[in-house]
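Here's the structure we're looking at; comments come further down.
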Amino acid sequence: MLPKVYEPKSVENKWIDIWQKEKIFFPKIDKSKKPFTVVIPPPNITGALHMGHALNNTLQDILIRYKRMSGENAYWVVGTDHGGIATQNVLEKILKNEGVKKTDIGREKFLERMWKWYEECGHTILNQLKKLGCSIDFSKENVRFTMDKERAYSVFWAFKELWEKGLIYRGERMINWCPRCYTALSDIEVEYEEEKSKLWHIKYPIDGSDDFIVVATTRPETMLGDTAVAVNPEDKRYKKLIGKFLILPLVGRKIRLIADKKVEMGFGTGAVKVTPAHDPLDMEMGEGHNLEFIKVISDDGKIINSPEKYSGLKVLKAREEIVKDLSEQGYLVKEEPYVHNVGKCYRCDNHIEPMISEQWFVKYKPISENTLNVIKNGEVKFYPERWVKPMLDWLNNIQDWCISRQIWWGHRIPAFYCKKCSGKGLIYNEKGEIVKVSIKNGAKPIISFEKPSSCPDCGGADFVQDPDVLDTWFSSALWPFSVFGWPRKTEELSYFYPTSALVTGYEILYLWVLRMITSGLFHLNRIPFSKVYVHGIVRDKHGQKMSKSKGNVIDPLDMMEKYGTDAMRFSLAIGALGGKDIPFSENSIIGGRNFVNKLYNVSRFIQMNLKEGEKYEAVESKMDLSDKWIISRSSKIIDEYKKLMDNYMLSEALDTVYGFVWDEFCDWYLEISKMYINTELKSHKMGLIIKVFESVIKMLHPFMPFVTEEIYSALKERFENPEKFIVDSKIKKPFHIKDEKAEADMGVLMEIIREIRTVRSEFSFHPTKEIVVVLAGVSEIEKNILDHLSYIKHLSKSAAVIIGSPEKDKTYIKSVVRNYEIYVECDSNIDIEKEKLRIKKEMDEIKISNEKWEKMLSNKDFTEKAPESEVVKIKERVNENNIKISKLEKILSGFER
RNA sequence: GGGCGGUUAGCUCAGCGGUUUAGAGCGUUCGCCUCACACGCGAAAGGCCAGAGGUUCAAAUCCUCUACCGCCCACCA
């Protein structure tokens, strides 16, 4: 005998093993079948799976399993991402705990450690995906890594193609520098956060005069690199001073007062200090006015090229000193509190420094034009659609993409330099390692996958590779086709590409999704996927972002351990509504667990009533009302389910089935069917139950793979033409019958039953007390009621349900449902006042709605303008209510006697 | 500054092709260990659908404005 409560752990492990062993998810190229391909957003190998992964991969798995069960050749391509800065930071932290700095061990050794880390962590992540129930084939040959050999070649090839078309260049531009991670970042890798700071007003004396100009700044320390002050050309206050020279306080440098219409007259004092090397806007002005660029902040965030006093200080320390000195020397006019946005590194949260730097860039505008078009014309569809507009806006304002990173972990830029020919363009550290390359200063890159054999210029063979690595998103952007071996023309590539759908969170739409579309179009001239299912972020139950510092993190592994994987998947899936963020709590998983248990117990119920050797078959001639009703309902539910699933409304689909199973199938149909278990109708009833339940667990399998597989294996001999496993089965509609009459009739019966139950409950009948119910008041009671008195009897725990009139010498609790009067026999000492109140209350409610409707009916505008069917409907309702009112009145007057 | 999303039961949210008495889950209350399930069953209480206008025979639902909350984008030093 199966235990009463479902025990997930052993069941889950069992099926994980079997599915892998049976190679069910192994990709097969089958040209007779339509492929449904999804590439996984490769998880970074930074550690363990978190709730975001759990959500993302649950949703993908639901889609994949659904498509597989819909007859498509579903293939979910798996792999992990090397994760550039994020992963390097993880190892750096580990090293720090060991008391080692990465510079101590050097690049080569460091990378050795990184690869070792990959071996361990990559494995962990894959195992966790397995635990999540992902229908992925985990054989080694099917697992990719963004930095494995094949992918490395894809990356090189992509770089080469862009380079050859002049779309990759190395140039000196304003970039975002993270002094902590010690690397450049692209614009989207900077997050802006509001910070309380100050606005300092500083006097800049005018050369050869006692007068001065006051500038306002949030970054006084950058004044060390000021090479101008700018005002708006229209600004009357400063017009005549334009072109004069100022003396830069603390430094003594002579700088020009320039006019530029980028300066806002209304802000601060209307005069801006210009630091071309450390501010994007200032850089533009610097270029426009031919100003000197003086870099005063070093890569490690310290002051350089400045008076002795400040050199070597960290930026914030320098700020303090400078403000102090300005104040002491009388240059500081005032400081006012000021709130403004500060850029922070998305990987380490430290302040980023804008600075001029020579880096590799991709010219993005020209290659992303096609992306704009395919989104605009719907070749790539977003679910929900509301993301389209932000995507287009972003593309319209796209900037060149800084792709070089000064870290060690990643794809090394495939550029080699002949040591002899590159001269001063190659910069080495004291150990003789290459640390920087400057094409500006003469470095000559040769783009190559491997070290070139000889220099085309001098014939020399002494090469050095560019020390930088590529932005991790560069390889991610190629993922949908690099996974299939591109640029090699593989069979996989031609069969599985373009992929079908992408499932991802909205936070990486710009960072990743748009870039994939762009590279797909650029390198293969085909979109990488046509559907993008965009989900939200898993938050805590109050809508707060989960974070370690807030202590509100829920660990999916704990949850799976505690409640089972299916339970967690259920709660994630049902919460993923409309692409919105998901408020998540342990409580919501409990709901999932309860549902898993419910399903499991249905299967127990079925199994308990099956006998070996007996046949169970639904027979059409034996169909009664409840059968017709459940068939009709289940037909509708399957249609609804498919429609929702096909439109990526997974949560709604799950909710639909959930409601059907629990409320209709279990609470009504199974309860009714219990009456027939010991009758000759058993075979018919059980047959029908099995059929409906089979379709239910199939619909639920994508959401809750383990429990449904377990149930399937327990019951499948009873199914028609069962497959070996539910994963491999097809969702089929067992019936194509929609019976509105049966649904309506059943509705009446349900109402009557509920009314009797309410009476029982309100008048405190013990649940086991059997009662006598009389149905009366209708001259000719419909046949369907007569036929199904047994339902009423059974579900309302009645000893007898009689059609007729109440007996005069007995006491009844009376109520009205539709046209029927219901008399529930009771002791004479029932609380009459309570009953009166009950009836009155009900009557009042009906009267109120009747008044409303009668008013509508007397309104000519309504009867003339509203559709005929509406008017008829209202009329019918009024009539029904009037009958009901008269019956209730009769009952009330009965009390007065 | 621009854009997007939200404001419905104590909590988290559905409903927004216009028309019953506005739903669900959780929580609460009452009664039940009813032979699948107490991770359950039955019943109940609980809502001027953020506010103000407008369109309409009819508005939680469509339009406009306002308030508040949350995101995203933007070089206002």
Side-chain angles (χ1 to χ4, degrees), chain A residues 2 4-6 174 192 199 215-219 222 230 262-264 266-275 279-284 338 340-341 354 384 386-387 389-390 393-394 397 506-507 509-510 536-537 541-543 563 567 574-575 577-585 587-588 590-609 651-652 655 658-659 663 666-667 670-671 674 677 754 757-762 764-768 795-797 845-846 848-849 852-853 856 859-867 870-871 873-874 876-877 880-881:
Chain A
L2 294 163
K4 270 163 84 165
V5 172
Y6 176 66
M174 183 64 61
Y192 289 89
L199 192 60
V215 300
T217 181
T218 53
R219 299 209 56 191
T222 61
K262 287 194 258 314
V263 178
E264 199 89 18
F267 185 86
T269 60
V272 195
K273 60 190 271 316
V274 181
T275 322
D279 183 278
L281 184 71
D282 293 4
M283 182 197 74
E284 278 179 45
Y338 189 68
H340 70 312
N341 280 330
R386 93 180 96 92
W387 288 109
K389 198 173 172 299
D393 288 349
W394 195 80
N397 295 307
Y506 60 74
E507 72 275 16
L509 246 21
Y510 307 133
I537 292 168
K541 63 177 159 187
H542 303 295
Y563 300 106
I574 204 141
L577 228 146
K580 288 196 281 198
D581 287 351
I582 300 166
F584 198 73
S585 66
N587 235 343
S588 68
I590 291 174
R593 181 210 48 190
N594 294 354
F595 185 51
V596 169
N597 192 240
K598 188 80 184 174
L599 283 179
Y600 175 74
N601 270 291
V602 174
S603 70
R604 277 182 73 226
F605 170 76
I606 293 172
Q607 214 172 24
M608 283 167 75
N609 288 298
S651 166
E652 291 88 337
D655 194 50
Y658 173 84
D663 301 337
C666 291
D667 290 347
L670 287 186
E671 289 308 320
K674 281 177 183 172
I677 279 172
R754 279 199 204 97
R757 284 170 171 175
T758 303
V759 167
R760 292 188 65 117
S761 179
E762 278 187 7
S764 307
F765 286 56
H766 193 273
T768 55
L795 295 180
S796 67
K797 287 264 156 44
E845 271 169 20
I846 299 166
I848 287 167
S849 47
K852 203 171 89 188
W853 291 331
M856 276 168 81
N859 184 345
K860 258 194 196 144
D861 285 329
F862 173 69
T863 48
E864 279 164 19
K865 290 180 191 168
E870 284 302 321
V871 179
K873 214 157 64 185
I874 299 284
E876 275 170 8
R877 273 178 211 150
E880 270 173 36
N881 271 354

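Since the model is a prediction, treat every value here as computed from it, not as a measurement. Labels below follow one simple rule: chain letters A, B, ... track the order of the sequence lines, proteins then strands, and each chain is numbered from 1.
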[X] side chain to [Y] backbone, donor-acceptor under 3.5 Å:
X: A/Arg604; Y: A/Val5; answer: no
X: A/Asn601; Y: A/Asn597; answer: yes
X: A/Arg760; Y: A/Lys797; answer: yes

Euclidean distance for [atom1], [N] against [M] (whole angstrom):
N: B/U64; M: B/U21; atom1: C1'; value: 31 Å
N: B/A60; M: B/U19; atom1: P; value: 10 Å
N: B/C13; M: B/U8; atom1: C1'; value: 9 Å
N: B/C30; M: B/U55; atom1: C1'; value: 47 Å
N: B/C72; M: B/C65; atom1: C1'; value: 24 Å
N: B/A44; M: B/G23; atom1: P; value: 13 Å
N: B/U20; M: B/A59; atom1: C1'; value: 16 Å
N: B/G1; M: B/C48; atom1: P; value: 35 Å

Quiz question: going by heavy-atom distance under 3.5 Å, is there a donor-acceptor pair between the base of [N] and the side chain of [X]?
X: A/Arg593; N: B/C39; answer: yes
X: A/Lys4; N: B/C37; answer: no
X: A/Lys852; N: B/A58; answer: no

Measure from [atom1] on [X] to [atom2] on [N] and round the result to the nearest Å.
X: A/Phe765; N: B/C41; atom1: CZ; atom2: P; result: 24 Å
X: A/Glu507; N: B/C71; atom1: CD; atom2: P; result: 14 Å
X: A/Lys873; N: B/U20; atom1: NZ; atom2: P; result: 9 Å
X: A/Met856; N: B/G18; atom1: CE; atom2: C1'; result: 11 Å
X: A/Ile677; N: B/C35; atom1: CD1; atom2: C1'; result: 10 Å
X: A/Lys389; N: B/G5; atom1: NZ; atom2: P; result: 9 Å
X: A/Ile590; N: B/C26; atom1: CD1; atom2: P; result: 11 Å
X: A/Phe862; N: B/A58; atom1: CZ; atom2: P; result: 11 Å

Using a heavy-atom cut-off of 4.0 Å across all strands, would you classify [X] as base, sugar-phosphate, or nothing?
X: A/Tyr338; answer: sugar-phosphate
X: A/Lys674; answer: base
X: A/Arg219; answer: nothing
X: A/Thr218; answer: sugar-phosphate
X: A/Pro354; answer: nothing
X: A/Pro280; answer: nothing
X: A/Tyr563; answer: nothing
X: A/Asp667; answer: sugar-phosphate
X: A/Arg757; answer: sugar-phosphate
X: A/Val596; answer: nothing
X: A/Glu864; answer: nothing

Side chains of A/Asn397 and A/Asp393: do they bring a donor and an acceptor to under 3.5 Å?
no
Evaluate the side-chain proximity of A/His340 to A/Leu199: yes if any heavy-atom separation is below 4.5 Å, no if none is.
no
Residue pair A/Val272 / A/Glu264, side-chain heavy-atom distance below 4.5 Å
no
Determine the interplanar angle of the A/Trp394 and A/Tyr510 rings, folded into 0 to 90°, and report it as parallel if under 30°, tilted if 30 to 60°, perpendicular if over 60°.
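If you compare the ring of A/Trp394 with that of A/Tyr510, the planes turn out parallel.
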Of all the nucleotides listed ([options]), which has the minimum atom distance to the side chain of [X]?
X: A/Tyr658; options: B/A44, B/G25, B/C39; answer: B/G25
X: A/Ser849; options: B/A77, B/U21, B/A36; answer: B/U21
X: A/Arg604; options: B/C32, B/C37, B/C57; answer: B/C37
X: A/Asp861; options: B/C57, B/A44, B/G40; answer: B/C57

Under 4.0 Å between a side-chain N or O of [X] and OP1 or OP2 of [N]?
X: A/Asn601; N: B/G40; result: no
X: A/Trp853; N: B/U21; result: yes
X: A/Thr758; N: B/A44; result: yes

Which residue lies more 5' along RNA chain B, comparing A/Arg754 with A/Ile848 via nearest heavy atoms
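Mapping each residue to its closest nucleotide by heavy atoms, the 5'-most match is A/Ile848.
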Salt-bridge contact A/Glu876-A/Lys873 (side-chain N to carboxylate O under 4.0 Å):
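A/Lys873 and A/Glu876: not salt-bridged.
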